[in-house]
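Okay, structure first, notes after.
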Number of protein chains: 4
Amino acid sequence: MASDANGVSGRAEARRQKRERIVEAAIRVFARNGFGASRVSDIAREAGVADGTIYLYFQNKEDILLTIFEEKMAEVLDGLRAALDEVDDPIERIAVFARYHFEQLRRNPALAQVFQVELRQSRRFFRGYRPERLWDYLALLESAIRDGQAAGRIREDVDPFLLKWGLFGALDELAIQWVVSRKRDRFDLDRAAVQVVEVFLRGMLRPTLDGPEHGSASSNHQDPKRRSA
Amino acid sequence: MASDANGVSGRAEARRQKRERIVEAAIRVFARNGFGASRVSDIAREAGVADGTIYLYFQNKEDILLTIFEEKMAEVLDGLRAALDEVDDPIERIAVFARYHFEQLRRNPALAQVFQVELRQSRRFFRGYRPERLWDYLALLESAIRDGQAAGRIREDVDPFLLKWGLFGALDELAIQWVVSRKRDRFDLDRAAVQVVEVFLRGMLRPTLDGPEHGSASSNHQDPKRRSA
Amino acid sequence: MASDANGVSGRAEARRQKRERIVEAAIRVFARNGFGASRVSDIAREAGVADGTIYLYFQNKEDILLTIFEEKMAEVLDGLRAALDEVDDPIERIAVFARYHFEQLRRNPALAQVFQVELRQSRRFFRGYRPERLWDYLALLESAIRDGQAAGRIREDVDPFLLKWGLFGALDELAIQWVVSRKRDRFDLDRAAVQVVEVFLRGMLRPTLDGPEHGSASSNHQDPKRRSA
Amino acid sequence: MASDANGVSGRAEARRQKRERIVEAAIRVFARNGFGASRVSDIAREAGVADGTIYLYFQNKEDILLTIFEEKMAEVLDGLRAALDEVDDPIERIAVFARYHFEQLRRNPALAQVFQVELRQSRRFFRGYRPERLWDYLALLESAIRDGQAAGRIREDVDPFLLKWGLFGALDELAIQWVVSRKRDRFDLDRAAVQVVEVFLRGMLRPTLDGPEHGSASSNHQDPKRRSA
DNA sequence: AATGAATGAGGATTCATTCAT
DNA sequence: GATGAATGAATCCTCATTCAT
């Protein structure tokens, strides 16, 4: 058929695009109202399709949310892998992780909302849902810490498993505060990233022979008087 | 009557006790199912009262949740204040904060569930609800950081506001992991507290003249081989 | 006992008074909100008693309403009988009926509300309730019409049964309009009574030999320019 | 499709029909049980639809009742206007009004029930509901009376506003009695109409020169011995 | 495939009535 | 008798999901 001429925008492609429109609509709606308070008909309207159409692409409302978790997390995960691929130094990779995390947030705050609020809910209340992609994502952080230990840069008494969650929690909470606050105003996301990473790294790094100051971690000073919120 | 003699267990006291029973029941039910999926009749059954009785003590289902936030947070806040009162050293107070936070969690995991999952939801979806008690709670942490800076112990380039949220986030995320995991098994809450506080403190403390090692922060070594989860 | 000394205000008398207080409170509450929207606890509060006390005096909520119908109607009926006893002329008795009807209304508008609105409901929806007192009340009107016919004053082709309901309906509707309108303002209840009675009587009376004007019915002219509402 | 050919039974038409079915069902149910005692599910069953379907057509239960008031009264009002259009003589128009009123009643007793009982309730208890259609309906009666006065046929000392309500009340009360009584049995609605109109007209008409008998009003005698109830 | 009208299960809340004190 | 806390049956309404067109 004509639509198959270039082999790309056939039936399947049209289908994929409509599905994507629904997912994007759902992200906006869930971010606005929360999963529980969002109606399927809201998503349908936002996506410009009929209610019933949703069910041609998803099993049910919960499936939409899980799809968001899975597919969007996969994209984010791919992006993170790409970003880390270019960096060899394990310490720098930790910093890149943090910057990447906040960068995603800034680009798609609605998606960030959904992840932060609903994923947390879902971890407990969707029976058996295991956010494996999230674990993969965080495993990259844990690896970087381990690599740092193997390279003798990070203290041996640091537990990579615990610190992974600790750093993630710190980033996540700051993310929530950024999202919740009048977004762009008083909260400087870059400063937050720098601060937290600096403190974590200083806290994790092995003392070096040449003094208490630890290279990269302390390099980019900022004026602490310029309060952030 | 005898029960009125000491003026304690009168009618008002009985009322207070029943109200408390409902609150405690609600905490268990919300922790189990989440706020949205909890039925008022579940709470009533758990509390051993009739459905209608709930409404003699609370306006509606949401009011129960907000009451939990307010009253339980007030108790926790009082406890934190008492714990911090005994400590002068600002650095030690930060460590006490972390230990106290986890201690509450261990004592009342169901309450912790509700706070971590539902409060986070509520911050966004109960229009206008402002968890002021939580802010008071965290303000004590921010104060300790500022005091540490004033005493010349904590670096000046640290932003107390950002670090407050960062440390809280780290603790909170580890708390969730502890709660979510098969609770008592593989996750050592004490080690987690020690690790995170150590890293944060080391990262925040000013370098001392006598070398890169910072006294208290690094004092309680543990074997990192004993993995935590 | 001391309270029985005068034989009047003993236990029984106190009981009677409290019961009366409840009835009066119920009239006010029903008039305000309607029977359906009135809560038993509203009546209790209005009467200054506890909810449970109501049930020491009445079977249930419906019983209060029926009691109002029965007892208050009995009082009104007694009053009407007394008023009619003093009048021999059947035509005049019809006029007295109308004046008495409106007089009651003016004196106790709340009671009138309850009768007009709730009795009408109840005639249909309280299974088997037969407002016999109301029928007795109206029977006095029907008798007067019959007496007028027997005396040759009222036309033979008038059906007393139908005219009874017709006149009652006319009075009742005007009563509702009076009650519903901003009560004392624009609606002159006396004029309404005069108008309706005049028209009905003129319409029912036999033509007399001395001309088209019918004695009493046309005696109290009023300026029709002074509109009533 | 064939059904769309004439543009009548399209989707919109189907919608309109289902809506009408619900309205008609509600009239029957309200007439049977009263508004308060009627369950939405009763209406749904009577209409042969699911409970939820009701809410695709009406906001809530009260909205159904108000719709009945508005739409059915509009129909009745149109019918009255048509009936009066054919009559010039103001006196005759009053008689037509009465006959039309009873005719509607006879045709749709359930609707009459709802109007007589629930509208009366509603006039007081649905805050702010103003039965404007009813006022329009009655305004036609008032106009006829005024026209009769302007034509010198009706006495000047008659207040059209009061008589409008009076006549309406008389008709309405007789209507209720007819509806309440075992309907077709003992109560002759036609006789009632004739009687009341005759009396009212005789009472309102100006005396003519040629004697006390007033043409049309007294023309259709009936045997008063044939009691009506 | 798309539509959107229809379905009906589910649950928060009210309030008449009871009963222990 | 009086109280008022407790009960629990009853019902309106929402909304995820289905299915005829």
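All chains are named by letter (A, B, ...) in the order of the sequence lines, taking the proteins before the strands, and each is independently numbered beginning at 1.
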Rounded to whole angstrom units, what separation is found between the [atom1] atom of [X] and the [atom2] atom of [N]?
X       : N      : atom1 : atom2 : value
A/Arg21 : E/dA2  : CZ    : C1'   : 12 Å
B/Asn33 : E/dA12 : CG    : C1'   : 16 Å
B/Asp42 : E/dG11 : CG    : P     : 8 Å
D/Arg45 : E/dG8  : CZ    : P     : 13 Å

Side-chain heavy atoms of A/Ile54 within contact of A/Asn60, under 4.5 Å: no
Under the 3.5 Å Watson-Crick or G-U criterion, the dot-bracket string of DNA chain E, with | for inter-strand pairs: .||||||||||||||||||||
Cation over ring face, C/Arg15 and C/Tyr57, 6.0 Å, 45°: yes
Under 3.5 Å donor-acceptor, D/Thr53 side chain and D/Val49 backbone: no
Side-chain donor/acceptor of B/Arg21 to backbone N/O of B/Ala47, under 3.5 Å: yes
Evaluation steps, salt bridge (charged side-chain N to carboxylate O under 4.0 Å, His left out), between D/Glu71 and D/Arg133: CA-CA 9 Å; D/Glu71 299 190 354; D/Arg133 293 282 189 289; over 6 Å; no
Annotated protein contacts, base or backbone, on nucleotides 6-16 of chain F with a non-hydrogen cut-off under 4.0 Å, one of B, S, - each: BBB--SSBBSS
Interatomic spacing from CD in B/Glu70 to CG in B/Asp63 - rounded to 0.5 Å: 10.5 Å
Under-4.0 Å salt bridge between B/Arg32 and B/Glu46: yes
Test: A/Lys72 and A/Glu20 ion pair at under 4.0 Å: yes
